[in-house]
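Inspection log for the structure reproduced underneath, given as structure tokens.
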Amino acid sequence: MSPVAFSRHAAVAVVTIDNPPVNALGAAVRAGLVAAIAQANADAAIEAVVIAAAGKASIAGADIGEFGKPPVPPLLPDVLDAIERSAKPVVAAIQGAALGGGLEVALACHARVALPAAQLGLPEIRLGLIPGAGGTQRLPRLIGAAKAFAMMLSGDPVLAGRALEWGLLDEVVSSDLLATAIRVAQGLAAEGRRPVTSAAAERLTEADRSAFEAQAKEALRQAGEAPNVPALVEAVRNAFLLPFEQGLAAERALFLALLDDPRAKALRHVFFAERAIARVPGIGPAVTPRPVARAAVIGAGTMGGGIAMCFANAGIPVTLIETAQAPLDNGMNRIAAIYDISVQRGSLTPEARAARLALIKPAVGLAAAAQADIVVEAAFEEMGVKRQIFGELDAVAKPGAILASNTSYLDVPTIAAATKRPQDVLGMHFFSPANVMKLLEVVRPKGVADDAVATAVALGRRLGKVPVVVGNGFGFVGNRMLEQRTRAAERLLVAGALPYEVDRALVDFGFRMGPFAMADLAGNDIGWRSRKARGLKAAVADAICEAGWFGQKTGRGYYLYPQGARAGQRCPEVEALIQRISAEQGVTRRAFTQEEILARLLDPMVNEGARILEEGIAARPGDIDIVWINGYNWPAWRGGPMFWADGVGLGVIAKRLEAQAAESGDAALKPAPLLRRLAAEGKGFASLASGG
Ligand code: 3H9
């Protein structure tokens with residue numbers, strides 16, 4: 001059955017796309033649209049056409065799943081050509097998200113009518129692409145190149161009201177969308193009008209052109225390596241330089257070249273992986289999250305304060321709890337100061353600041369958690385402390401409240417065992433700064449109720465986070481892999497690299513900073529304390545801490561930070577110390593290329609990722625990628641560590657790991673069984689996601 005239905009309303013044909021979940025423009029939809037337009041034109045009793053869509057979304061765009069596969073005709077530009085050339089006027093009725101190719105369909109129509117909630121946008125930029133079905137040519141002709149370029153560059157949709165102001169829509173109605181579209185279509189037919197966007201040129205003025213060029217210059221300056229920004233500028237500029245048909249052909253060529261770019265492939269992987277995390281194994285749609293109207297956060301330190309801000313920012317009243325008034329006041333002052341910065345920057349109004357602060361109620365003592373539907377504990381990272389808090393919480397929290405720990409490493413069932421309600425206890429691991437970072441690891445220990453997990457996930461989304469459900473185990477997913485990278489970085493120093501070389505390799509790869517700059521920022525004493533507690537040693541890192549060089553806060557760490565500088569400078573003393581340690585360990589230092597450094601840092605992470613998958617701590621390789629992109633600044637256009645590994649080839653990685661294991665004598669570096677198996681079969685991690 002075709003996903004495109006044809007029905008008659010007097011002399012108007014209503015063509016309805018019904019292709020759940022989001023009416024993407026797959027091959028069958030494209031064929032159905034061409035057939036429907038032809039049918040309407042062949043039927044003497046039909047005067048005009050309305051294109052509508054069933055469901056919540058209007059048309060979410062091209063079917064991203066078809067990208068990278070052999071194209072199946074009719075191609076979208078040809079479909080739009082048929083719509084625009086239709087001898088009978090065609091009107092788009094837009095009730096929800098008209099995005100990418102979905103908006104391009106509307107642009108090819110002769111008029112556009114929408115509900116107020118409709119969202120119109122060209123988000124291709126986020127997929128590493130540019131619009132490829134006329135968007136860069138038709139939108140500037142309709143609303144001017146400056147506005148069109150801004151929309152395409154941000155990828156953000158605009159609401160119907162704004163679109164109406166701009167002339168992107170012809171009418172916005174709060175009800176009777178279809179009836180209105182039919183009326184508009186009848187009106188056009190009666191007047192004998194068929195306004196064709198591609199023939200319009202009055203908005204492409206000289207003033208518009210200079211406004212666009214100014215924006216383009218700035219966009220190119222900020223684009224970095226992104227290949228699609230120059231392509232977007234070129235395509236939009238063509239609207240001024242070339243006739244429509246030629247502009248369209250140039251856009252298509254740019255679009256197709258980007259489609260094959262590995263960066264765009266990585267972003268498509270991220271798109272689907274981000275959506276796959278919503279499918280939590282064993283938790284179907286029948287599991288309903290518990291209602292959350294009030295929250296409590298225990299601990300008003302940096303982490304607890306940040307978490308409380310997340311609740312307030314989402315409009316959820318939250319009680320911030322401390323053991324005494326002084327730390328509570330400090331915490332509240334810190335929160336107010338962060339909001340002040342937002343007000344100064346203009347990203348928050350003074351009223352919104354006041355409203356958010358009013359949602360955070362400071363309190364001393366755990367009894368204040370009694371009314372909360374969810375309690376997030378962000379106290380000191382020590383099992384004894386956590387168990388005591390959870391034991392006390394058990395006595396005061398209301399029945400059915402979710403009791404979550406923000407622990408980064410500790411065993412969640414041991415914490416849960418301090419209560420008589422382990423079914424309500426889980427981990428909610430936020431990342432610092434909690435009010436900014438998107439990642440939320442929802443730790444699901446055995447014994448926790450499914451609806452408790454579903455509640456944490458739904459709440460995470462309300463807080464604007466990317467919640468990834470992970471199993472219980474030391475460091476969960478993100479920190480467990482980070483530890484491998486940290487160890488690898490230390491090994492590299494002893495073997496012959498210097499901190500700046502290691503950091504540069506990762507920055508050139510696309511990370512915002514390397515491991516040593518990051519350690520200096522976070523404070524080297526944190527890792528030191530944790531190593532001491534676990535009886536672990538790291539010769540260089542320990543020596544640096546013994547010297548009192550804790551990082552930026554002490555003015556020096558792996559680097560020097562004179563007068564509070566944020567960017568570190570190479571430190572001759574640290575470099576001499578590293579060389580001394582190599583000598584003490586009998587190591588003949590040697591130079592490493594950037595590629596070698598990268599492989600030595602990232603391969604052990606991938607290996608740990610393989611173990612995490614084997615143990616079921618992460619459900620899918622894509623979940624690990626989403627953790628690293630949202631929690632650790634892994635560049636999205638590189639798709640995450642597991643996607644990256646597939647690109648390198650698991651055989652290559654397995655061989656490199658064997659070599660590293662032999663050189664270091666560390667058997668833990670040997671390829672994990674899963675990695676070994678996939679490498680032997682010539683497969684990648686992606687084959688696991690598809691059941692291979
Ligand atoms: C384009 O159009 C290029 C053209 O210029 C040129 C072509 C020649 N394709 O997000 P959700 C799936 S590029 C395939 O959770 P929501 C999604 O994977 C495209 N599948 O829902 C998920 O599947 P599952 C430009 C798609 O309600 C399900 O739909 N367009 C597509 O939170 C639900 O998705 C975009 O980039 C797609 N285009 O949000 C828009 N879109 O359930 C991308 C969604 O199996 N889409 N799916 O995991 C969105 O922004 C959101 O999906 C939308 C709904 C706002 C529409």
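Both ligands and their constituent atoms are indexed starting at 1 by order of listing. One-based numbering along the sequence shown.
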Can you tell me how far [atom2] of [Y] sits from [atom1] of [X], rounded to the nearest 0.5 angstrom?
X      : Y      : atom1 : atom2 : result
Asn228 : Leu259 : CG    : CG    : 12.0 Å
Leu188 : Asp170 : CG    : CG    : 8.0 Å
Leu129 : Ile125 : CG    : CD1   : 9.0 Å

Give a yes or no on whether [atom] lies under 4.0 Å from any heavy atom of the protein.
atom                    : value
atom 21 (O) of ligand 1 : no
atom 45 (O) of ligand 1 : yes
atom 38 (N) of ligand 1 : yes

Is [X] salt-bridged to [Y], cutoff N-O under 4.0 Å?
X      : Y      : value
Asp156 : Arg126 : yes
Lys69  : Glu66  : no
Arg620 : Asp625 : no

What one should report as the nearest heavy-atom pair of Glu124 and Gly101 is OE2-N, 3.7 Å
Could you tell me, atom by atom, which parts of ligand 1 come under 4.0 Å of a heavy atom of [X]?
X      : value
Phe272 : 18 (O)
Glu104 : 4 (C), 5 (O), 6 (C)
Gly101 : 1 (C), 2 (O), 4 (C), 5 (O)

Would you please classify the geometry between the [Y] ring and the [X] ring as parallel, tilted or perpendicular, with 30° and 60° separating the classes?
X      : Y      : result
Trp628 : Tyr632 : parallel
Trp634 : Trp644 : perpendicular
Phe643 : His269 : parallel

Checking a contact table here: which protein heavy atom is nearest [atom], and how many Å away?
atom                    : answer
atom 51 (C) of ligand 1 : Arg275 NH2, 3.9 Å
atom 26 (C) of ligand 1 : Val22 CG2, 3.9 Å
atom 27 (O) of ligand 1 : Lys56 NZ, 3.7 Å
atom 55 (C) of ligand 1 : Leu99 CD1, 3.9 Å
atom 36 (O) of ligand 1 : Pro123 CG, 3.5 Å
atom 14 (C) of ligand 1 : Asp63 OD1, 3.3 Å
atom 9 (N) of ligand 1  : Ile64 N, 2.9 Å

**Message:** Could you check whether any heavy atom of Ala57 sits closer than 4.0 Å to an atom of ligand 1, since that is the contact criterion I want to use?
**Reply:** no
>> Between Glu84 and Ser198, do the side chains contain a donor N or O and an acceptor N or O under 3.5 Å apart?
In response: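 The criterion, which ignores hydrogens and geometry beyond distance, is satisfied for Glu84 and Ser198.
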**OP:** Of the side chain and backbone of Leu127, name the one, both, or neither that has a heavy atom under 4.0 Å from an atom of ligand 1.
**Re:**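 Looking at Leu127 and ligand 1, just side chain atoms fall under 4.0 Å.
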Looking at non-hydrogen atoms alone, which of [options] comes nearest to [atom]?
atom                    : options                : answer
atom 3 (C) of ligand 1  : Glu124, Arg252, Arg279 : Glu124
atom 28 (C) of ligand 1 : Pro157, Ala62, Pro21   : Pro21
atom 35 (C) of ligand 1 : Gly61, Ala24, Ala60    : Ala60

